[in-house]
Every structure is written in C-alpha cells, then in structure tokens.
There are 2 protein chains.
Amino acid sequence: MKDFFTLDKQLCFAVYETAGEFTKLYTSALQPFGLTYPQYLVLLALWEKDGVTAKELGERLNLGTGTLTPMISRMISNGWLRKERSKADERKVYIFLEEKARREKEVITQNVGEAIQACSIELEEYEELMELLGKVRFKLKSRVPR
Amino acid sequence: MKDFFTLDKQLCFAVYETAGEFTKLYTSALQPFGLTYPQYLVLLALWEKDGVTAKELGERLNLGTGTLTPMISRMISNGWLRKERSKADERKVYIFLEEKARREKEVITQNVGEAIQACSIELEEYEELMELLGKVRFKLKSRVPR
DNA sequence: CTACTTTTAATCGTGTACGATTTAATCTTA
DNA sequence: TAAGATTAAATCGTACACGATTAAAAGTAG
C-alpha cells in the first residue's frame, strides 16, 4: 500500500467518519423524542429482550458499566426505563422498559426508518456493507493483543 | 426488510461497533506513545499538511472547536504541537507539529501499521470496504435535513 | 464456618463529541 | 468611518466511552 498514510485513504478514518455521520442522522431523527443515539441503541436492545441485567445489556452493546450506569440513570430520569434489584442475587440489577418506551416504539422506529430511507441506501449496499463490516469486526475482535 | 429492528442486523450498530473495535486496536497500538486515537488522527492530518488553522484542521477531521480546542491544548502540553496566532489576522491560530511529532512519525506509523497487519485484513476487503463506506458516507452527508 | 476469590454495579478520572454562546477581530456597507 | 454583520476560537453544558478502583454480595475451599 503505497500512500497508506494519506489521510483520506485510511480505513480507520473512513469508519470513524461514517460512524459520525450515522450519529448525526440518528441524532436528528431522535431529537423530537429527547433521545440520544446510544440511548436509542439501549432501547433497541431492550425492545428485543426486556428485563436483562446491566451486565448482559453491556455485553450486547459493547459498553462497560462506566458508560452504561450513568446512561441508564438518565434514561430512568426521562421515564424510559426502570431498574429492579434481583431478590435472589442482590448484586444483579435488572433493567426494564417503562410504558413510555413500549408505547413510543412504533413512532420512534418509524421516524428513524424514514430518516434512513431518505438517504436512499440500496438494499444491496446495505447487505454488502453489513457483511464486510462483520468480517472486519470479527478480525479486529479476534486479534491477539500483544 | 423484514426484521429491520433486530439488533444484530442494524447497519448503524455494525458501524458503531466496528468504529469501537478500531478505536480499541488503535488505542493499544498508540498507548506506548501516550497518544489517543483522535490525537493520532490530528497527527495524520498534520503530517500530510502542517501549519493549518484550527478551523481547517477541524474541517478535515470533521470536528468542531468544542472538541478540537481542548484536544490541541492537551497535545501541546504533551509536546506534540505548537500554536501560533496569525499576525495578519489575529482571529486565526495556526497549528504546527513539534520536533517530537516529526521525529516519532516513523515509529508511530510503523507500530500502528503492524497492529493493523496483525488483523490480516485483505487488501481486497480493505478497498471494497473503503468504497462502500465512501458511498454510504456520501449519501448520509448529502441527505437533506428536514 | 471462615478466609479467599469471584462477580456485579457503582464510582472516578481522563478524554472525546457536539450544539450553543461568548469574545475578539475583521469585513462590509451605508 | 461608524454600525452592523461575519468569522475564528474559546468556553460552557451535557452526554458518551473506557480503564481502573471500590464496595457489596455470592460462591468456594479447607
């Protein structure tokens, strides 16, 4: 790779910038609901499977407690979530969706869906990109840290 | 798209997580130098073209002054950069690489390069992904905000 | 049953991100 | 040239992100 160090050719930068663009897209679609992009990812995860521990949620979102704990607090303050300490094992905290989060699921996802469709990303592109990202992600994840 | 809302099929999530994995990779490669990933991107930009205004740097990195100003301060404290207010137009601040940054360019880029090669991402994958990301990024950028 | 280890969240410190506001310098135009 | 607009950085407030530490609860081995 000749000019590997040319900024605009850097894969890292491309991924970085694309992630930023996605954040902007989602931010504007989610703004009417007072949700941030990471908060939306939390809702996505819980809409799929509600009532999971903070740990499990963190694993599914690739987030540590240092990120998740304060974020969950904010989402509780805003009426999206509810926390419940396990009676059987008091170390565990289960996270549940509040009514508001179930009620607004349709509107939120529809709004986000429209925002994405407005970008007219082809299904083919979508799937190809998903596959490539999956491959690269797998390689990045399974690398042996020195 | 049937189960568009299934978490693991979400493109946004894939981009998000891949960006995170890249960050981790770069973080470990850059740690010996006391550099963060975004700081490395600043160096990449300046190695390509030194002595630019904060504004231009921000445009090239897609970062606002709210992010860049404190980051530049830290990099100045750590001896990577130098700041110089323009004499012709005192609003402008030019950012320059310090000796340290020029001297260590080789070692840093080599270390990062090795870390990436350790992931054995094929050149073909690399280029395909770059192209797809470019396309999607273009679409995301050129969407009309409502 | 007690000392030790492990597990789970919470907390802390540092470093991005970003929109909004502020401040100072420059430009524009009447 | 003086008032108003524009521009460039800096600053502020909020919200991630992550490694490290802490604290409490649960498991485990002698």
Side-chain angles (χ1 to χ4, degrees), chain A residues 12-13 16-28 30-31 33-43 52-59 61-78 80-81 83-95 145, chain B residues 12-13 16-28 30-31 33-43 52-59 61-78 80-81 83-95 145:
Chain A
C12 64
F13 189 75
Y16 182 77
E17 202 188 331
T18 309
E21 290 300 326
F22 266 102
T23 302
K24 275 174 202 157
L25 173 71
Y26 278 82
T27 300
S28 79
L30 293 168
Q31 191 229 320
F33 307 102
L35 280 171
T36 67
Y37 180 33
Q39 286 173 12
Y40 170 71
L41 293 179
V42 167
L43 289 185
V52 297
T53 62
K55 182 181 162 57
E56 186 181 337
L57 193 56
E59 276 161 3
L61 296 168
N62 262 298
L63 292 175
T65 92
T67 304
L68 217 47
T69 302
M71 200 168 130
I72 288 169
S73 301
R74 279 186 290 271
M75 293 182 76
I76 290 171
S77 306
N78 295 332
W80 297 108
L81 305 181
K83 225 155 89 168
E84 205 171 294
R85 210 158 263 283
S86 163
K87 296 221 166 51
D89 183 345
E90 296 219 340
R91 290 169 304 181
K92 292 182 181 170
V93 169
Y94 288 96
I95 315 293
Chain B
C12 65
F13 189 75
Y16 183 80
E17 201 187 331
T18 309
E21 290 300 326
F22 266 102
T23 303
K24 275 175 200 154
L25 174 70
Y26 278 83
T27 300
S28 79
L30 293 167
Q31 190 229 321
F33 306 102
L35 280 172
T36 67
Y37 180 33
Q39 287 172 10
Y40 171 71
L41 293 179
V42 168
L43 290 185
V52 296
T53 62
K55 183 180 162 59
E56 186 181 338
L57 192 56
E59 276 160 5
L61 296 169
N62 263 297
L63 291 175
T65 90
T67 305
L68 217 48
T69 302
M71 199 168 132
I72 288 169
S73 302
R74 279 187 289 272
M75 292 181 77
I76 290 172
S77 306
N78 295 332
W80 297 108
L81 305 180
K83 224 155 91 169
E84 206 172 294
R85 211 159 260 282
S86 162
K87 296 221 166 53
D89 184 345
E90 297 218 340
R91 290 170 304 181
K92 294 182 181 170
V93 169
Y94 288 95
I95 315 293

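Chain letters run A, B, ... following the sequence lines, proteins first, then strands; residues in each count from 1.
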[X] [atom1] to [N] [atom2]: how many Å, rounded?
| X | N | atom1 | atom2 | answer |
| --- | --- | --- | --- | --- |
| I95(B) | dA8(D) | CD1 | P | 14 Å |
| L30(A) | dC16(D) | CG | P | 12 Å |
| M71(A) | dA17(D) | CE | C1' | 10 Å |
| Y37(A) | dA17(D) | OH | C1' | 14 Å |
| E59(B) | dT7(D) | CD | C1' | 12 Å |

* Asked: Checking S28(B) side chain against L25(B) main chain: does a donor-acceptor pair fall under 3.5 Å?
  -> yes

Between [X] and [Y], is any pair of side-chain heavy atoms under 4.5 Å apart?
| X | Y | answer |
| --- | --- | --- |
| T67(A) | L61(A) | no |
| E84(A) | V93(A) | no |
| W80(A) | L35(A) | yes |
| L57(B) | M71(B) | no |

* Which part of the nucleic acid, if any, lies within reach of A19(A) when heavy atoms closer than 4.0 Å are counted: base, sugar-phosphate only, or nothing? ->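 If one applies the 4.0 Å heavy-atom cut-off, A19(A) turns out to touch nothing in the nucleic acid.
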
* Asked: Under 4.0 angstrom, heavy atoms only, what part of the nucleic acid is L63(B) near: base, sugar-phosphate, or nothing?
  ->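 Result for L63(B) = sugar-phosphate.
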
Would you tabulate the pairs of protein nitrogen or oxygen atoms and nucleotide nitrogen or oxygen atoms of nucleotides 9-11 of chain D closer than 3.5 angstrom?
| from | atom 1 | to | atom 2 | distance (Å) |
| --- | --- | --- | --- | --- |
| dA9(D) | OP1 | A54(B) | N | 3.2 |
| dA9(D) | OP1 | V93(B) | N | 3.2 |
| dA9(D) | OP1 | V93(B) | O | 3.4 |
| dA9(D) | OP2 | K55(B) | N | 2.8 |
| dA10(D) | OP1 | K83(B) | NZ | 2.9 |
| dA10(D) | OP2 | T69(B) | OG1 | 3.3 |
| dA10(D) | N7 | T65(B) | OG1 | 2.7 |
| dT11(D) | O4 | T65(B) | OG1 | 3.4 |

* To do: Under 4.0 Å from any heavy atom of chain B: name the first and the last nucleotide of DNA chain C that qualifies, 5' to 3'.
  =>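 Here the contact window of chain B covers dG15(C) to dT26(C).
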
* Point-to-point distance, once rounded to the nearest 0.5 Å, from CG of L63(B) to CD of E17(A) ->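 Going from the CG atom of L63(B) to the CD atom of E17(A) covers 9.5 Å.
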
* Asked: CG/N62(A) to CZ/F13(B) distance, rounded to the nearest 0.5 angstrom?
  -> 6.0 Å

* Structure fact -> Contacts of P38(A) and E90(A) projected onto DNA chain D by closest heavy atom; the upstream (5') one is P38(A)

* **R74(A) vs D89(A), nearer the 5' end of DNA chain D by closest nucleotide** =>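 Its nearest nucleotide lies further toward 5', so the answer is R74(A).
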
* To do: Taking all heavy atoms of C12(A) and all of L41(B), pick out the closest pair and write down the distance.
  => SG-CD2, 4.2 Å

* Asked: Would one find a side-chain N or O of Y16(B) under 4.0 angstrom from OP1 or OP2 of dA17(D)?
  -> yes

* Would you please classify the geometry between the Y26(A) ring and the Y37(A) ring as parallel, tilted or perpendicular, with 30° and 60° separating the classes? => parallel

